[in-house]
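Inspection log for the structure reproduced underneath, given as structure tokens.
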Amino acid sequence: MNKDLESKIDEILERGVSEVIDKDNLKKKLLSGKKLKVKFGMDPTSPNLHIGRAVLLLKLKDFQDLGHQIILLVGNATGVIGDTSDKDSERPMLSDEVVKKNMKAYVEQAGKILNTEKIKVVYNADWLNELGYQDIGKHAECFSLHEFISRENIKKRLDEGKRVSLREVLYPLMQGYDSVKLEADVELGGNDQRFNLLAGRTLQEKFGQSPQDVLMMNIISGTDGKKMSSSWGNTINILDEPHDMFGKVMSIPDTLIKEYMLHCTRISKNEIEELMNLENPRDAKIKLAEEIVKIYHGEKAAKKAKEYFVSTFSKKKIPEDVRVVPSKAPEILIVDYMLEAGVAESKSDARRKVEQGGVSIDGKKITDTNKILDKSFSGKVIKVGKKDFVKIVFKD
RNA sequence: GGGUGGAUGGCAGAGUGGCCUAAUGCACCUGACUGUAAAUCAGGCGUCUUCGGACUUCGGCGGUUCAAAUCCGUCUCCACCCA
């Protein structure tokens with residue numbers, strides 16, 4: 001029993017983890033049987049989670065499964081500042097209403113992994129807005145400007161002559177003070193959060209608490225191999241439809257298969273090894289895609305997505321349940337219809353696609369940009385590019 | 001407070017009176033090859049088009065000129081140096 005627990009803990013401290021501070025201490029805490037306060041922060045601006053973020057959620061789930069208390073910290077005060085670790089933008093002030101709405105959306109999405117009923121939600125504006133210059137000054141005294149600007153991303157921005165706002169300096173102070181208020185035992189974050197996470201330790205010590213342990217997760221790569229980030233548009237989103245999600249996983253480079261298995265699923269390590277030894281990496285990838293879809297949409301949907309993928313792309317059949325877009329007029333130019341159906345950005349784009357041979361109806365390539373669609377095309381499927389299918393319907 | 005430089009397409013970044021819808025790279029789209037992978041190759045990448053063209057774009061506004069991304073004025077924003 002105890003051995004079982006220990007190996008579980010070891011996996012928690014390793015799988016997908018880039019660094020733990022202080023690892024031995026955290027392991028001791030986890031073995032002690034004490035219910036730990038596990039803090040993790042969310043930025044209330046973007047509720048569209050991707051599976052890179054889910055790496056964190058899966059880890060939280062592991063903690064939750066061991067009976068620890070997850071505390072979701074909504075950064076309604078920090079969000080205004082804009083975190084330096086992440087993007088280089090400063091963010092607009094959000095109304096309480098919007099914050100609440102975003103939080104709800106977040107929890108809903110996180111609920112695909114976590115048991116949200118057991119999560120405690122707190123808002124950092126509740127205490128951060130109380131602080132005055134004296135307090136902030138006292139906190140700020142714990143850090144030097146040198147530490148701040150020698151962070152890689154700040155340094156880079158400075159070197160490139162980009163603007164670094166003075167108020168960004170405040171961000172780690174705030175995040176650190178959050179830990180003090182929550183008396184957090186552990187904080188989770190991406191490894192790009194290192195500085196902010198460590199600020200919590202410093203401040204907690206200043207306030208006479210024992211410093212939280214910090215668990216940093218790897219940032220996974222996106223579908224194009226670069227860091228997965230909303231601003232790159234290379235994400236696989238938790239809310240993606242099963243077909244789409246499956247397809248996106250299939251489009252990742254082979255070299256990422258293992259990384260995804262390790263971080264985005266809980267396939268056991270032994271099984272991963274087996275899968276990696278398969279002759280055709282595609283098969284491992286299919287398993288991976290199925291597993292990921294399963295987490296967010298359930299087993300049934302995952303199976304269906306797999307079948308869809310195999311028949312549509314491997315066997316090049318037209319999928320069964322395509323999007324149906326009725327035509328508004330009894331007769332319509334194909335380019336106009338493409339625009340209406342959202343498979344082209346503009347008429348020019350639609351024409352280009354036709355001219356380049358990317359459009360077909362029921363398998364027959366269309367080359368005439370002036371092609372007119374009428375009732376005789378009702379029920380036929382238009383294919384644009386590799387993955388866009390639309391069924392056209394004419395109303396009588 | 002003083003000085004200098006700068007703002008160009010999704011991003012980076014050339015261009016400093018007509019040859020500029022604006023080089024190049026990245027991203028993106030289509031096709032070929034495939035495993036909807038990667039890599040590679042070919043084409044494309046403002047809008048509209050009767051495919052002849054037409055119209056719109058280089059931080060905002062105003063001006064000079066036959067002609068402005070390019071010159072002048074002004075405003076907004078940014079960086080750097082000095083204090």
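Here is the naming used below: chain letters follow the sequence lines, and residue numbers restart at 1 for every chain. This one's a predicted model, so the numbers in the text were calculated from it and none came from an experiment. The figures that follow rest on heavy atoms only: side chains count, while hydrogens, waters and symmetry mates do not.
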A:Arg194/A:Glu19 salt bridge by N-O under 4.0 Å criterion: yes

Side chain of A:Arg352 (C-beta onward), nearest among B:U30, B:G44, B:U49: B:G44

Nearest-angstrom distance from the residue atom CD of A:Glu345 to C1' of B:C45: 9 Å

Identified pairing partner of B:U76, criterion: Watson-Crick or G-U wobble below 3.5 Å: B:A7

Interatomic distance where CE belongs to A:Met261 and P belongs to B:A37 [whole Å]: 18 Å

Distance in angstrom units between A:Asn280 CG and B:G35 P, rounded: 8 Å

Rounded distance in Å between the C1' positions of B:A38 and B:C51: 39 Å

Toward the 5' end of RNA chain B, by each residue's nearest nucleotide, A:Val359 or A:Phe246: A:Val359

Nearest-Å distance once atom C1' is located in both B:A54 and B:U64: 28 Å

G-U wobble or Watson-Crick pairing nucleotide for B:C28 (cut-off 3.5 Å, both distances): B:G44

Whole-Å gap separating C1' (B:U30) and CG (A:Asp388): 12 Å

Inter-nucleotide P distance (B:A69, B:U57), Å rounded: 9 Å

B:G9 versus B:G15 - spacing of their P atoms, nearest Å: 16 Å

A:Lys181 atom NZ, over 12 foreign heavy atoms within 6.0 Å: no

SB check A:Arg352 A:Glu355 (cutoff 4.0 Å): no

Side-chain N,O (A:Ser348) to OP1/OP2 (B:C48) below 4.0 Å: yes

A:Ser346 side-chain N/O to B:U47 phosphate OP1/OP2 under 4.0 Å: yes

Complementary nucleotide for B:A37 - Watson-Crick or wobble, under 3.5 Å: none

Phosphate OP1/OP2 of B:A38 contacted by A:Thr255 side-chain N/O (<4.0 Å): no

For atom NZ of A:Lys387 and atom P of B:C28, their distance in whole Å: 10 Å

From A:Arg201, A:Glu187, A:Lys37, residue fulfilling side chain to side chain donor-acceptor pair (under 3.5 Å) relative to A:Ser179: A:Glu187

N-glycosidic conformation, B:G13 - syn within 90 degrees of 0, else anti: anti

Atom-to-atom span, CD of A:Glu279 to P of B:A37 - whole angstrom: 20 Å

Distance, nearest 0.5 Å, that separates NZ of A:Lys34 from CG of A:Asp185: 4.0 Å

Nearest listed nucleotide, side chain of A:Lys386, among B:G31, B:G35, B:U49: B:G31

Sugar-phosphate only, base, or nothing, as touched by A:Gly247 at under 4.0 Å among non-hydrogen atoms: base

Residue A:Pro253, side-chain atoms from C-beta onward, closest of B:U30, B:A37, B:U36: B:A37

Whether A:Phe40 and A:Tyr106 hold their rings parallel, tilted or perpendicular, with breakpoints at 30° and 60°: tilted

Gap in Å between the two P atoms, one belonging to B:A83 and one to B:C75, rounded: 28 Å

Whole-Å P distance, B:G46 and B:U40: 24 Å

Euclidean distance, atom CD of residue A:Glu259 to atom P of B:A37 [Å, nearest integer]: 19 Å

Phosphate contact (B:U49 OP1 or OP2) by A:Lys347 side-chain N/O below 4.0 Å: yes

Under 3.5 Å on both distances, the Watson-Crick or G-U partner of B:G1: B:C82

A:Tyr123 six-ring face occupied by A:Lys100 cation (under 6.0 Å, within 45°): yes

Options B:U36, B:G35, B:C48, nucleotide nearest the side-chain atoms of A:Arg351: B:C48

Ring geometry between A:Phe207 and A:His139 (parallel below 30°, tilted from 30 to 60°, perpendicular above 60°): perpendicular

Base B:G35 paired with A:Asp254 side chain (donor-acceptor, <3.5 Å): yes

Same-atom distance (P) from B:G59 to B:C55, integer angstrom: 23 Å

Identified pairing partner of B:A23, criterion: Watson-Crick or G-U wobble below 3.5 Å: none

First of A:Lys285 and A:Gly357 reached from the 5' end of RNA chain B, by closest nucleotide: A:Gly357

Quiz item: A:Gln356 side-chain donor-acceptor pair to B:G31 base, under 3.5 Å: no

Protein-nucleotide distance (A:Asp349, atom CG; B:U30, atom P), rounded to Å: 9 Å

Pairing nucleotide - B:U50, Watson-Crick or G-U, each distance under 3.5 Å: none

Separation of the P atoms in B:C72 and B:C80, to the nearest angstrom: 25 Å

